[in-house]
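First the structure, in the form of structure tokens, and then the observations on it.
Chain letters run A, B, ... following the sequence lines, proteins first and then strands; every chain starts at 1.
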Amino acid sequence: MPSSKTREVSISALLLAVTLVCVAAVLLITVYLMWAGLPAISEIGLGNFLLGKEWASTSSNPKFGILPFILTSVYGTFGAILIGVPIGIGAAVFLSKIAKGPVKRILTSAIDILAGIPSVIYGLIGMLTLVPGIRKLFGLPDGASLLAAIIVLAVMILPSIIKLSAVALDSVPKEYEEASLALGSTPMEAYLHVSIPAARSGIIASIVLGIGRAIGEAMAIMMVSGNVANMPSLFGSVRFLTTAIASEMSYSSGLQRQALFSIALVLFAFIMIVNALLHLILKKGKKHE
Amino acid sequence: MKQEPIIRCRKLSLWYSKTQALKDITIDFYPNSVNALIGPSGCGKSTFIKTLNRLNDLISEVRTEGEVFYRNTEIRDPGLDVTDLRKEIGMVFQKPNPFPMSIYDNIAYGPRTHGIRNRSELDDIVENALKSAALWDETSDRLRKSAMGLSGGQQQRLCIARAIAVQPQVLLMDEPTSALDPISTAKIEELLSVLKEKFTIIIVTHNMQQAMRSSDTTSFFLLGELVESGNTEQVFSHPHDKRTEDYITGRFG
Amino acid sequence: MKQEPIIRCRKLSLWYSKTQALKDITIDFYPNSVNALIGPSGCGKSTFIKTLNRLNDLISEVRTEGEVFYRNTEIRDPGLDVTDLRKEIGMVFQKPNPFPMSIYDNIAYGPRTHGIRNRSELDDIVENALKSAALWDETSDRLRKSAMGLSGGQQQRLCIARAIAVQPQVLLMDEPTSALDPISTAKIEELLSVLKEKFTIIIVTHNMQQAMRSSDTTSFFLLGELVESGNTEQVFSHPHDKRTEDYITGRFG
Amino acid sequence: MNRRQAAGICSRILVLASATIVIAILAFIICEVVGRGAGSLTWQLISTTPSYLNGTIGILPDIANTIYLLLFSLVLALPIGVISAIYLTEYAHPGKIESCIEFAIETLSGIPSIIYGLVGMLVFCQLFNFKTSLAAGACTLAIMNIPTVIRTVQESLKTVPQSYREGALALGSGKGHTIWTVVLPNAIDGIMSGCILSAGRVTSESAALLFTAGFAHSLVPLSEALSSPGASLSVALYVYAKEQGEFGVAFAIAIMLLIITFLINLAAMMIAKAKKKQI
Amino acid sequence: MRNAFEKQLSELHTKLIEMGSFCEEAIKLSSQALAIDTITLGNVSLLKAKIEQMEREIESLCLKLLLLQQPVAGDLRQISAALKMITDMERIGDQADDIAEIIGYLIHRNERDCSLIVEMAGFTITMVSESIDAFIKQDTILAQKVIDDDDKVDEAFLKVKQALIAMIAKNPDNGGYALDLLMIAKHYERIGDNAVNIASWVVFSVTGVHKGETEL
Amino acid sequence: MRNAFEKQLSELHTKLIEMGSFCEEAIKLSSQALAIDTITLGNVSLLKAKIEQMEREIESLCLKLLLLQQPVAGDLRQISAALKMITDMERIGDQADDIAEIIGYLIHRNERDCSLIVEMAGFTITMVSESIDAFIKQDTILAQKVIDDDDKVDEAFLKVKQALIAMIAKNPDNGGYALDLLMIAKHYERIGDNAVNIASWVVFSVTGVHKGETEL
Amino acid sequence: AKEKASVSTDGSTSMEKVIGALGEAFMNQNPGIKFTYNPTGSGSGISAVKEGRCDIGLSSRALNDSEIAEGLNQTVLAYDGISIVVNNSNPVTGLSIEQLALIFTGKIANWKEVGGNDQTIVVIGREAGSGTRDGFETITGTKESCLYRQELTSTGDVIASISQNPAAIGYASLSSVKDTVKTLKVDGVIPSEQSIADETYKIQRPFIMVTSNARTLSPSAQAFFDFAMSAGTESIISNAGAVDAK
């Protein structure tokens, strides 16, 4: 009955066709962003666009320099990672290795809920408590700033860092820790010297994923960062790549609108770099196993 | 006359929450001997050896009664520094579990943990441990390579070397060859007879041939009870207890 | 005189991409016999039996040469309907792998797959298969319970029953007891001698005692080569090949 | 020895502190949200449509829209996701196409929602002429969720032991039959948690919906839902907070979203528990 | 459990009993011939052949069991005892045959003066019977009795020897005859030894203690 | 690999060789005593005791190896052959001692007429030496020679018997003496048998074929 | 089945209350017609009309010349006052248009220069493209020269931020202002329906409905347009905080 083989092959081909939807979607996104974003870049000039320090999209002599946005996104992401990663890994170690019973259940749910909270709520609370808090704490005229955005971002990337790191730590064979304990190390030493290095690739992946999320976040930081196209400073009002798009999109027209798509293209490029990085790390991690 | 026992166990009972896993175990282990623990699955042999290095602590709701002495130290003492105990009583596990680091770092892990940082000292320890585990010839030219690249049998010998490197007095082995093929198994059994010159070895095994071939004493556990314990030849040629005879002749169950 | 062989293998070679895993294997298996395949890890025994039911198909880049006949069917034939082949040549795996369904559904899975829907017919098949696998007494009162609740040894006998239920001619077993304790192992070895009255059994084992105790013929594989094959007693008492003797006496490597 | 103990205590404290921070953040957020929103969370708010004439606000349409979006996007994302996952785990052999697909999935899951919003607007609203509608929003969300579904189902498929497949195949079962009878029933939890995770994303998503589904607050029946614009709860929260300064309402919606998030996690946990029990 | 092994073990047991009964029969026949007539003498060498045949069978069964079943404890003792016992049984067969052969030479003599030897033969027959019995019943007390009884046979042999010396002195022509009778007596004495050996292997098989050794 | 086992195997080998050399020495001593004098007779029973001691040692070593090492193939053959061989060796020791004992009775006789027996003893000594040699060298050809040589010993025994009958006829007073000499000859004949057995176990140990059986 | 007649509007968020109320009233009168409003912002409302994505566009700024040149029509529906708001704790009660211009361009940087506390002024505005911002900057003559500390994307944000910051100043549609912030007099006039209607309050802007010349309105859209422009809607518009233009 040779038809069984052909049937298998055709089923496989059919499934492949459906699976290719993902590839199509990525291509579609890439193509459309290029189609929408490249004209403005060519009109403004790549150098002026990427390196221009001034953004005045609606002035009579419009300027479309997005360096402030790029730098803000980079600094903001970096800051969020700086705060979020240590806490995230610490909490992951606690969750994966120390917490037991109800504590573990509560912590797990807490992290899941944190991950599930809509970013708007983070923004809202940030706006109503964090921004005035920063203003009062640092004696600033206004608290809406890069710092506020960094803190909100750090909180927002925490759940994904914790979850992924915890998964990586969970998948470290229990035998490693047992071996370490049997050699006379304390549990903490076992986690630090054996578990974390063994989960390295997963943890790095979680960080990279956090970077991706931080770069891509829009709604929450729009509400706390002041949103002025300044060059970034910790206590200054700043605008990110994402917020630049979100804030002007609805009123935009003409070259301004096109320039916004160009920003989206730049953002997309950043994300692709981060993704490629992630891909590499995960692949390497797999190979390592 | 007989030496002092290095581990002395008196009426040790152990419960996991409410089920009793060990019942009044009384047994001595003497220095420089290979001691096999045999018995069907779930008979308590693994639980027993994990009591000796307090690895059962990892499981909550474990409760013990009785006395277990390592030399003059009561192992069950809640105030005991278990890291010290585990330095004295090393362990090798069922599945080879080298850390995902280099061969060198695997062996050096224990000594480093216990504060040895001096490079040349570590080098010596690593070399000696590998030699003791009959692994030096196979690995001396690739100490910096990952231990994960070794074969299963080599990995297990590496684990033995790693345990040796902290210079314990007692080596616990929990079915160290059950994941290995006959050739690797034979190598490790061979190793046992060399290692016993320096250590006291307590080995849990499913494999009665292994117990026969490599141990000096054999203890038969059944349902948490120590049914019989004695010289290996005697236990296998002439067990005192009917249950032991049934088990070793394969007439059990 | 001798019966016709049920499986006839001539100069079978097998490559995984570029490494040759089997070299010119020529061997016959006769009906109603237990045939043990022994050899160190990676010697090709598992690869060999997976060739017999084409389970190697799952791995890409496998290439074979030579002839393998099941009765008059060339197993290697790319046009062959492997589901038919596998109905004739059943398999039991190293780790007991019952499906996470009821005991009844596990056994009925095969017959249902092959189109048997009639309830009472299935009932009969299940009962007979369980009886053949010496599991009926232990499970007849809980056929609707999950198979995952059985002990390891029972699970493995369930897997044997499941394989039997499709009424194969040949039963391949890939180290069926390596995950089991001595008692469960003994039960399964015992079962082999009963099963061979109906089936041809080809069993891969790491355990030479097992081969000796339970098989009629023994074949020794080494590095993809069939070094020696013959009557079990002869192979173990008086091997023709030095390598076989070295291996079975534990002097190998 | 002392140094070791000190280091041990320090690291233990740090780890504990990290975990405490996480709990504290959540507690703070919940207190804030509940404290500010509880007063506005009335039955009237939940059960009515907003009336400009009466100056009252109701989020019934937003609830309905959320459900519509959920339904439509799942109907799209689930089959594609499950089929893709099956293809990737059961059929695909490592090769160029597969690594291409893998990369595409990773990319899709990494793309920020705002870009989905923009491209969704360009493609679904304009190119496909769905206009600003729930259909456009649902399509965008579906594409966003496909990677999530694929990954969770894939994870679950991978946890189905290879031995089950071998067992079925060795009994003479065909590949398709094996997947259908043995593999998928054991991966049902993955499909369920894929649904749940997607549901979570749909309810919490706002940026991608702003430009695609709009933020109208009118109640439409299911039959017309696809062609109408409409705000989901998250978008409504955004709109009420930002456009209208109705913070009480916004926090009331936030309470609802938190409850939904909580329920979703509860469901996910129960599935995980059921799976564990089975094994 | 281990049904196959059990079956083979009981086969071994049966064969040993059978072989033992052949031995008994062989000595009985030979001693009957000595006392009464020579009719059945041919049967002794048939029995001897059977016993040898059985020795080979049992030997190879034992080796097969040692090889394939790798017995321990009681099983190993039983099998190794069997392996050793059969040597003695075979020797018993041998001796019986030798006796029969010698009796063959004596056919021409009408008068026989061998009541002492017949008595001695009676002792050894009892010993062999009892050793086989001890084996069947795994009865160490009986086995011990056999071992102790050897002294009687040894005594009887000395008596026979004295009697024969006296006989030769009486009638030197009986020299050859006396030598033959001595050989017969010696064979019975040896058979007694063999029975003792069998008995001591029975003791080993049951208790694990062999010939006053310390425990294995 | 399996160093411990190898060591025990070679220990077994050494012990067997040692036991064999004791046997050789015991017969030699006894035959010397027969031919020449009785000075060294006491040593025979010492040797016998040593041999018995060694039998027990080797027996328990064999059983230990069978138990603990579960040997197969050549190892199993070697050990089981050893287990069987020692019975024969022990018997050789026994017979040598018996011979010595009988010679003890003969001390009072000045003139001895036993050149035939001495010749016969020579044959058996060669056989025992050669069987031990065959074992040491695992030499089946030599072993076969031993097996074939048995006929010579049997012949020699018949000759001795005839000679003794003649001697009795000549001088009936020598009846006792003749009986003793016959016993000695019979013992040598037995020793020859034992050597044959040893040799045939050597053949088995090397080839796996025992006494013309088909292969095990 | 015949598709239900519908009117879709799209555009200014500032007009939400006005147009929402009008729509609701319209639907009450015409149950057969479905009215939708999508508050996306003036810019997108205008482009939506242009691209035919809605029937009527809503803009809180007048069309510029290029938009008119593209064939769009504007009809003023109402006027909206832009309130200048500060934190409730701010002692300042009023400012002149000149002072506002100086404050928003950063020339006055401290509240004490205009009679307030010694505090750095935090200028909060809307994002580029916002109708409110356009209206404010046009009237105060500060186009392209405002130095904002924050550019927020919605009225709600602005009010929330100002209510949290004692040094902040910003502008917002009159209809959205609540008592969480304080409304300043401009040139001595407090914004109210009255002061906007008689144009004594200067900072105001039109709410316009945008239609396309290229397409005729559907009957239902025309009905809504007519309803909105009818006289009976005065109270609806004023209830929504704007000033009827008719």
Report task. Would you please go through residues 157-168 of chain A and name the residues with a non-hydrogen atom below 4.5 Å from one of chain D, in numerical order? Result -> A:Leu158, A:Ile162
Find the one option among [options] whose heavy-atom pairs under 4.5 Å with chain A are most numerous.
options	answer
D:Leu127, D:Leu233, D:Val235	D:Leu127
D:Thr203, D:Val123, D:Ile30, D:Ile264	D:Val123
D:Ile143, D:Ile146, D:Ile21	D:Ile21
D:Ala250, D:Gly200, D:Ala207	D:Ala207
D:Glu32, D:Arg12, D:Glu106	D:Glu106

Report summary line: In short, ring-ring contact (aromatic ring centres under 6.0 Å, His included) pairs touching residues 97-122 of chain D with sequence neighbours left out are A:His279-D:Phe103
Would you mind checking which part of [X] comes under 4.5 Å of any heavy atom in chain D, side chain (CB onward), backbone (N, CA, C, O), both or neither?
X	value
A:Leu192	side chain
A:Ile117	both
A:Tyr122	side chain
A:Ile98	side chain
A:Ala218	side chain
A:Leu20	side chain
A:Ile271	side chain
A:Val23	both
A:Ala110	both

Residue pair [X] / [Y]: nearest heavy atoms and the distance that separates them:
X	Y	answer
A:Cys22	D:Ile105	SG-CG1, 3.9 Å
D:Ala104	A:Val26	O-CG2, 3.4 Å
D:Ser206	A:Val120	OG-CG2, 3.4 Å
D:Tyr91	A:Ser12	CD2-CB, 3.7 Å
D:Ser18	A:Pro86	OG-O, 4.1 Å
D:Ser84	A:Val18	OG-O, 4.0 Å

[X] vs [Y] side-chain heavy atoms within contact, under 4.5 Å:
X	Y	result
D:Tyr238	A:Ile121	no
D:Phe262	A:Asp112	no
A:Lys97	D:Val15	no
A:Pro118	D:Leu257	yes
D:Ile114	A:Leu267	yes
A:Met219	D:Leu210	yes
D:Ile101	A:Leu16	yes
A:Thr129	D:Phe28	yes

Options [options], ranked by heavy-atom pairs under 4.5 Å with chain D, top entry:
options	result
A:Ile215, A:Leu114, A:Val93	A:Leu114
A:Thr186, A:Leu124, A:Ile11	A:Leu124
A:Arg213, A:Arg105, A:Met188	A:Met188
A:Leu128, A:Leu278, A:Leu33	A:Leu128

**Report entry** D:Thr20/A:Phe94 under side chain to side chain contact (heavy atoms under 4.5 Å, CB included): CA gap, chis, key distance, verdict
**Finding:** CA-CA 10 Å; D:Thr20 317; A:Phe94 184 82; over 6 Å; no
Per-residue contact mode, [X] against chain A (heavy atom under 4.5 angstrom):
X	result
D:Leu258	side chain
D:Leu16	both
D:Val119	side chain
D:Ile150	side chain
D:Leu197	neither
D:Arg36	side chain
D:Ile29	both
D:Ile97	side chain
D:Ile115	side chain

Hey, could you give me the [atom1]/[atom2] distance between [X] and [Y], rounded to the nearest 0.5 Å?
X	Y	atom1	atom2	result
A:Leu107	D:Ile23	CG	CD1	4.5 Å
D:Ile111	A:Asn275	CD1	CG	7.5 Å
A:Leu260	D:Leu118	CG	CG	8.5 Å

Requested in this report: Could you walk me through whether D:Leu88 and A:Leu15 pass the side chain to side chain contact (heavy atoms under 4.5 Å, CB included) test, one step at a time?
Outcome: CA-CA 9 Å; D:Leu88 286 173; A:Leu15 296 184; over 6 Å; no
